[in-house]
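Only one structure is covered here, and it is reproduced in the block below.
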There are 2 protein chains.
Amino acid sequence: MTTSIAETIADRLDTMPAGERRAAHTLIAGYPVVGLKTVAEFSQAAGVSSPTILRFVARLGFQNYPEFQAALQDELAAQLQSPASRTHGNPATQDRTSPMLEATIENLRQTFMHLSQKQLAAIVQTLCDPRGKMFLVGGRFTDPLARYMAAHLAIVRPNVFHLAGQESLWRDRLIDMGKRDVLVVFDIRRYQDSLLRFAEKAHHRGVQVVLFTDQWLSPIARLARHVVAGRTAVPSPWDSSASLMIVAETLIGAVTARLEDSSARRIDEMENLR
Amino acid sequence: MTTSIAETIADRLDTMPAGERRAAHTLIAGYPVVGLKTVAEFSQAAGVSSPTILRFVARLGFQNYPEFQAALQDELAAQLQSPASRTHGNPATQDRTSPMLEATIENLRQTFMHLSQKQLAAIVQTLCDPRGKMFLVGGRFTDPLARYMAAHLAIVRPNVFHLAGQESLWRDRLIDMGKRDVLVVFDIRRYQDSLLRFAEKAHHRGVQVVLFTDQWLSPIARLARHVVAGRTAVPSPWDSSASLMIVAETLIGAVTARLEDSSARRIDEMENLR
DNA sequence: GTAAGCGCGTATCGTATGGTACGTATTTTC
DNA sequence: GAAAATACGTACCATACGATACGCGCTTAC
């Protein structure tokens, strides 16, 4: 890690004059929030004048105050995204359990933290409407998720279709899609143009788009009625789709519960057809 | 805690127009950092204009943008002060967490607890042998997992084949399988006869079988060289394949790391072929 | 004790930022 | 299908913010 700002401060603390040192201490005490406020507020909190604050950030090596704030924000973002840095010091759990596992669990927590019951309920509502058809499509690595979801939902409700194979095959199905229908798209980076193009066309036809993506949001998000943003970062060369899968499973369970009556009849009928 | 900003957003999300909803999603996805940036930067990140951002924060009940930022900062400060809340989510979100999530996490922990590093290493070893071919097949609901794993492994090593479609199609591929080859089977209950029959035939030809199954163990376990037993019980009408998927992701990551040199060359070559 | 140097705050300036009015496009309703 | 209402973006404005020049006061060295 490139030495954090807090570390830099600690390094140069003894070379600082009294006023700037007060600034440093107040920043550390309220790290990093006070650094995100205005110069005036920062200076007031430190009990010094604004130029002192500016001299302070200049001494840390920043050209100007906004640059300093941007650095703080980047650091904060990195900290909030990678749970690894948060495990301050319990090496006991580190080598016993898989780092993949811990990272995945943290991803799950983060994902669900940003996903309210209300949102989930709204998505369930969308997925339950039996009047419309439901299409699922995924990208290179996420297509299996689309299949997984389709395999389950096709049992509990009618008119569930997984769009497989080539883009041209999907396109031909656009003709069947209308306002009442739902398109569930899985798209994580590197986002696929083909999915965006397809989602745009579907959206243009009035199809409701439900998007499963990563925390950086596929461009499809702008068209989507509902967006599920899952955390994907794990200590691996590959991104993890696990969080999206668990959200999918949650939704599958909720939809099944909601459609219990009608789906029970449907399943009976299926058994008879064998 | 007075309802957090994230909650407020979730509450009013469905009353918002499309543009503001985009703003909401980008904020949640990059929470809370993007909200601390300037209106211009926020709007650019969300792909909307600055007035939309301002209307968005106004809808959340803030008089102006600085007031909104101050609220974010306060929330952040409160969150950072109590480190405990970071690990387990703050109390406000605690009761919102889905029982599905907790059950899944428990399943993951259980699954990995019964899966030693040694076993994982042995499986990785098996999956890395470049001399043999690798076939993956799954059941009704687990076939997507086979696809997922195949999609990744096919990139880092040669001769990875996913067996799709009907049983008869798989059978025809048996002719290509021999002692050096590996068959990865995903089979959770209700266990599929077709998979058992196929695994038996492959086993008979000397193929090494790696089995992903649930804790009650598919009958294929008898034939398998390696068995991954994942927990699948969740508060849902369906079983969860999540734990198997995370084991799969772990293995994918490990295999990729192990084959780093040869796979890098392979990936280069792939890029050239496009 | 005096003089020199460094540090800090006051006052002022230019600019980037938040805010708003208005026109257009899209959607919704009758 | 037409009209009204809602929503979004462009253009412009006021100001609050960061930046800087300057001068006073304290410390330190001789």
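In what follows, every chain begins at residue 1, and chains take the letters A, B, ... in the order their sequences are listed.
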(message) Nearest whole Å is fine: how far is dA16(C) P from Q69(A) CD?
(response) 15 Å
(message) Expressed as a whole number of angstroms, how long is the span from L36(A):CG to dG18(D):C1'?
(response) 16 Å
(request) Could I get the full list of side-chain hydrogen bond (donor to acceptor under 3.5 Å, both in side chains) partners for T52(B), not counting sequence neighbours? (result) S49(B)
(message) If I take atom NE2 in residue H203(A) and atom C1' in nucleotide dT27(C), what distance separates them, rounded to the nearest angstrom?
(response) 12 Å
(request) Take the protein atom CZ of F56(A) and the nucleotide atom P of dG9(C), then report the distance between them rounded to whole Å. (result) 14 Å
(message) Going by side chain to side chain contact (heavy atoms under 4.5 Å, CB included), V185(A) matches just one of L195(A), L223(A), T213(A). Which one?
(response) L195(A)
(request) Take the protein atom CD of Q63(B) and the nucleotide atom P of dG18(C), then report the distance between them rounded to whole Å. (result) 17 Å
(message) Under the rule for salt bridge (charged side-chain N to carboxylate O under 4.0 Å, His left out), what residues qualify as partners of R258(A), not counting sequence neighbours?
(response) none
(message) Once salt bridge (charged side-chain N to carboxylate O under 4.0 Å, His left out) is applied, what residue pairs with a partner in residues 111-122 of chain A remain, sequence neighbours excluded?
(response) K118(A)-D11(B)
(message) For a quick check, with a 4.0 angstrom heavy-atom cut-off, what is the B/S/- contact string for nucleotides 2-9 of chain D, read 5' to 3'?
(response) -----SBB
(request) Quickly work out the Y65(A) OH to dA16(C) C1' distance and round it to whole Å. (result) 16 Å
(request) Check side chain to side chain contact (heavy atoms under 4.5 Å, CB included) between I9(A) and all other residues, then give those that pass, not counting sequence neighbours. (result) I5(A), L13(A), A24(A), L27(A), I28(A), F56(A), L60(A)
(request) May I have the distance from N64(B) (atom CG) to dG18(C) (atom C1'), rounded to whole angstrom? (result) 9 Å
(message) My understanding is that only residues two or more places apart in sequence, or in another chain, count here; which of them pass ring pair (Phe, Tyr, Trp, His ring centres under 6.0 Å) with Y148(A)?
(response) H152(A)
(message) Using whole Å, what does the distance between atom P of nucleotide dA16(C) and atom CD of E67(A) come to?
(response) 15 Å
